[in-house]
Novice: 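Let me begin by handing over the structure; questions about it come next.
Every chain is numbered from 1 and lettered A, B, ... according to where its sequence line falls, protein lines coming before strand lines. All values below come from the heavy atoms of this structure, side chains included, with hydrogens, waters and symmetry mates left out.
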Amino acid sequence: MSFFDVIIQTLDSTIRLSVPLLLACLAGLYSERSGIFDIGLEGKMLAAAFAGAAAASVFHSAWIGLGMAILVSVSLALVHGFASITHRGNQIVSGLAINFIAAGSTIILGQAWFQQGGRTPALAPNERFEAITLPGAEAVRSVPIVGPIYSELLSGHSLLVYVAFLAVPFTWWVLFRTRFGLRLRAVGENPAAVDTAGISVAWLRYRAVICTGILTAIAGAYLSMVQSGGFVKDMTAGKGYIALAALIFAKWRPVNAMFACLLFGFLDALAIRLQGAPLPVIGKVPVQLMQALPYILTVILLAGFIGKAIPPRAGGVPYVKER
Amino acid sequence: MAEAAIELIGINKSFGAVRANRDINLEITRGTIHGIVGENGAGKSTLMSILYGFYQADSGEIRVNGKPATIRTSNDAIATGIGMVHQHFMLVDNFTVLENIILGAESDALLKSSIAKARSELERLEREYGLEVDPDAIIEELPVGLQQRVEILKALYRGAEILILDEPTGVLTPAEADHLFRILKQLKDQGKTIVLITHKLREIMAITDSVSVMRQGTMVATRETKKTTVEELAELMVGRRVLLRVEKGEAKAGEVKLSVKNLVVKDQRGVTMVDDVSFDVRAGEIVGIAGVAGNGQSELLEAISGIRKAVSGSVTLDGKPIDLTGAADPGELRQRGLAHVPEDRHHVGLVLAFEENENSILGYHNDKRYLKGPLLDVDAIMADAKDKIAKYDIRPANPRLKTANFSGGNQQKIVLAREIEQDPGVLIVGQPTRGVDVGAIEFIHKRLIAMRDQGKAVLLVSVELDEIRSLSDRILVMFAGRVVGERGPEASEGELGLLMAGVEQKEAAE
Ligand SMILES: Nc1ncnc2c1ncn2[C@@H]1O[C@H](COP(=O)(O)OP(=O)(O)OP(=O)(O)O)[C@@H](O)[C@H]1O
Ligand SMILES: [Mg+2]
């Protein structure tokens, strides 16, 4: 295999690995921009992954699976909203609770329904989101450089991958070009300003939280219905937290979020590719170290290499006007 | 008979145990400027916030232009033509002026057309009222005077016929305040109704047609401005006679306590804010620093109190230098007898989420009086807080209340009580009476004079010329970072005003 092929393959898996991070990161962006911190991305993703795979295998339809994932994830998002918007509870506690509920209930329900040790049945091709071949991908395959880039790297991904990457400009457009976006950004900075401008703070934040639910649902569905052919317990494996780190790293901006997630995805891909392979000078690097690399990088980056990341000013603080 | 624009009938509002408004009745005539005065915590902001739909009354009725109005949210208020400029601005700091103005009043779901429409409308409003402001400026980069202008524009953009202003001049320089009043008069001439809350009785006399007085949640009187006097209003507010000008004897200045030499301070952007300033403050005297806000006074105070880094120069306290690298330990300075009442009590002076008793010892919490072994002595702290509450008449008199729940003037008293009661040798005070009612001003002024008479050195910075003139034994005028003149307390307002405006020293002295 030529060096060029190795690069293409690594980048290809970078894309695949960064998709769930990117979706979760954008999900967190909507919520946090509105002033609701959401540490429960992980739980919502996990629950959605389970609901999606379970529904897809029972109803034999990927779309019903996705619909169910959205339903479950949005419901959990609304629970978080109810606790932190309506009842002005602690957002961290509420988010953590959702993570615990998701981790526990997916295993229990999975075992009760399918008796496969917490797994869902393996999905048939029509129950998954299959790879899409972009027009002309086969025709240009033999063209040097451009051919493989188009046919290997850009073509041949699942629909959800394209959705994830299209969500980036879409989110940017929503945030900076629409009325909803203006209000969303405002409510995360100064809810009293939004309130006195005659806009309902609660309704606005609920809508933000629903957006979060939809995006975490797609992230979860991607994990169980694209990346693997079914649900496996704890399959999110901390991606929700990494997505939060990426969000900070991206300073709560959509395009930055994409690059942050691609970087984390790349490190992941690198770790997989280099597993067991000896490196020049250093020699053989332990697998564990390679796997820990994204986390180490997160810590280093967050410890000060990205300059000041100023979170939305009203983030994490319930809006209380009468004390 | 002129028609009433607003009628409030039997308004009641409680926050927990605090009855902020009780049975308020108020009628405001259309096309007039109506003043509302009252002590700190009297319930003025609460009443107006109810009218604006920010709070909901527990009971009572609101009528607008003779018709009953249900105002449940600010949206309802805006729809009935009411606009409000809040005491603490309701702006999104990192948005542009235009974005703030269209927020909530966007013409459709996409921003582009809303912004274009707002831009041309804004130009019209600017031309009509002389309310110039750069539409693309970021709010946090604008001085407060301009931020307030944005608030007014916001209300006008929404077509407000009734405009409420809650202590608009508290943050303005005299010139800015004059400009504001010209705008208000112009709005009135166009038939708009204006409600003005202020602590400055002079402003009430100068601009309003009628005035209402509130005290401890009730409406005690409404007068025609022409038929009342400052003295009567002050008495109605406080419930007793108030001395509007403190009496004080000759200063007996002693040895130098605080000495500032060739101090140069720059701000974050590297602009020189304090430029080669030197002066001494002696025991037993009050030195006042006058100047229009933003001429380096804040930076000077911060540098002396060790919060801000100085570029060069020196400051000595009792002959020993103060660390000017910006790394001074405020606790150590306090131990050396330097107390500081910062200008910005919200950000620097208090932890709003703490209880009153905690704030009343903050910064002195390592003092052995408040400690029992390694732990805080809660009983001693409570007793101390209660003592200060009684002495400074802090309301409500509850040391367990969260500081955020006190009104602005009472928060100021908490800071003053904490710093003055430590009996420091040198007291530095910035804007001691900003947002404070006349009764409290009288009290604070008396305390400062008493400090002086006990032989303490007091450095006072204030944008209120009256305050500077009635308290100071020596007045230094700052302009563009320099001390441009020193005068005695007998200096006329006009003379000081010229110095403050940066008119050549010699001309002013003649
Ligand atoms: N959001 C709130 N929650 C609880 N208590 C409040 C709230 N707002 C005001 N209060 C209390 O209600 C009373 C009236 O406060 P208000 O702010 O209306 O006074 P004010 O007359 O505007 O005073 P100031 O001149 O200091 O601004 C005070 O005792 C205050 O502590
Ligand atoms: Mg007020």
Novice: With respect to chain A, which residue among B/I78, B/N75, B/L111 yields the maximal number of heavy-atom pairs within a distance under 4.5 Å?
Specialist: B/L111

Novice: Nearest 0.5 angstrom please: B/E99 CD to A/F176 CZ, how far?
Specialist: 9.0 Å

Novice: Answer yes or no: are there more than 12 heavy-atom neighbours, outside A/Y162 itself, under 6.0 Å from its atom OH?
Specialist: yes

Novice: Can I get a per-line list of side-chain donor-acceptor pairs under 3.5 Å for residues 69-86 of chain A, giving both atom names and the distance, sequence neighbours left out?
Specialist:
{"unit_1": "A/S73", "atom_1": "OG", "unit_2": "A/G213", "atom_2": "O", "d": "2.6"}
{"unit_1": "A/S73", "atom_1": "OG", "unit_2": "A/T216", "atom_2": "OG1", "d": "2.8"}
{"unit_1": "A/S75", "atom_1": "OG", "unit_2": "A/L71", "atom_2": "O", "d": "2.6"}
{"unit_1": "A/H80", "atom_1": "ND1", "unit_2": "A/S94", "atom_2": "OG", "d": "2.6"}
{"unit_1": "A/H80", "atom_1": "NE2", "unit_2": "A/F37", "atom_2": "O", "d": "3.0"}
{"unit_1": "A/S84", "atom_1": "OG", "unit_2": "A/H80", "atom_2": "O", "d": "2.6"}
{"unit_1": "A/T86", "atom_1": "OG1", "unit_2": "A/Y206", "atom_2": "OH", "d": "2.4"}

Novice: Determine whether B/F89 and A/T196 satisfy the following criterion, side-chain contact (heavy atoms from CB on, under 4.5 Å), listing intermediate values before the conclusion.
Specialist: CA-CA 10 Å; B/F89 297 154; A/T196 53; over 6 Å; no

Novice: Could you tell me whether the side chain of B/L103 reaches within less than 4.5 Å of the side chain of A/R183, counting heavy atoms only?
Specialist: yes

Novice: Taking all heavy atoms of B/M90 and all of A/A193, pick out the closest pair and write down the distance.
Specialist: O-CB, 3.4 Å

Novice: Do you know which of A/E189, A/R177, A/R179 has the most heavy-atom pairs under 4.5 Å to chain B?
Specialist: A/R179

Novice: Check this for me: A/M68, atom CE, are more than 12 non-hydrogen atoms of other residues, nucleotides or ligands nearer than 6.0 Å?
Specialist: no

Novice: If you count every heavy atom of other residues, nucleotides or ligands that lies below 6.0 Å from A/R207 atom CZ, does the total exceed 12?
Specialist: yes

Novice: Select one option (side chain, backbone, both, neither) describing which atoms of A/R185 are under 4.5 Å from chain B's heavy atoms.
Specialist: both

Novice: Among all residues two or more places apart in sequence or in another chain, which pass the side-chain contact (heavy atoms from CB on, under 4.5 Å) test with B/N398?
Specialist: B/R400, B/L401

Novice: Above 12 or not: heavy atoms from other molecules or residues under 6.0 Å from CZ of A/F259?
Specialist: no

Novice: Sort B/E151 into side chain, backbone, both or neither according to what part of it lies under 4.5 angstrom from a heavy atom of chain A.
Specialist: neither

Novice: Of the listed residues (B/I102, B/I115, B/D108), which shares the most heavy-atom pairs with chain A below a 4.5 Å separation?
Specialist: B/D108

Novice: Between B/H88 and chain A, which part of the residue has a heavy atom less than 4.5 Å away: side chain, backbone, both or neither?
Specialist: neither

Novice: Please classify the contact between A/L182 and chain B as side chain, backbone, both or neither, with a heavy-atom cut-off of under 4.5 Å.
Specialist: both

Novice: I need the residue from A/I199, A/I310, A/V194 with the largest number of non-hydrogen atom pairs under 4.5 Å to chain B.
Specialist: A/I199

Novice: Where on B/F54 is there a heavy atom nearer than 4.5 Å to chain A: the side chain, the backbone, both, or neither?
Specialist: both

Novice: Given 3.5 Å as the limit, does a donor-acceptor pair link the side chain of A/N190 with the main chain of B/L91, or not?
Specialist: yes

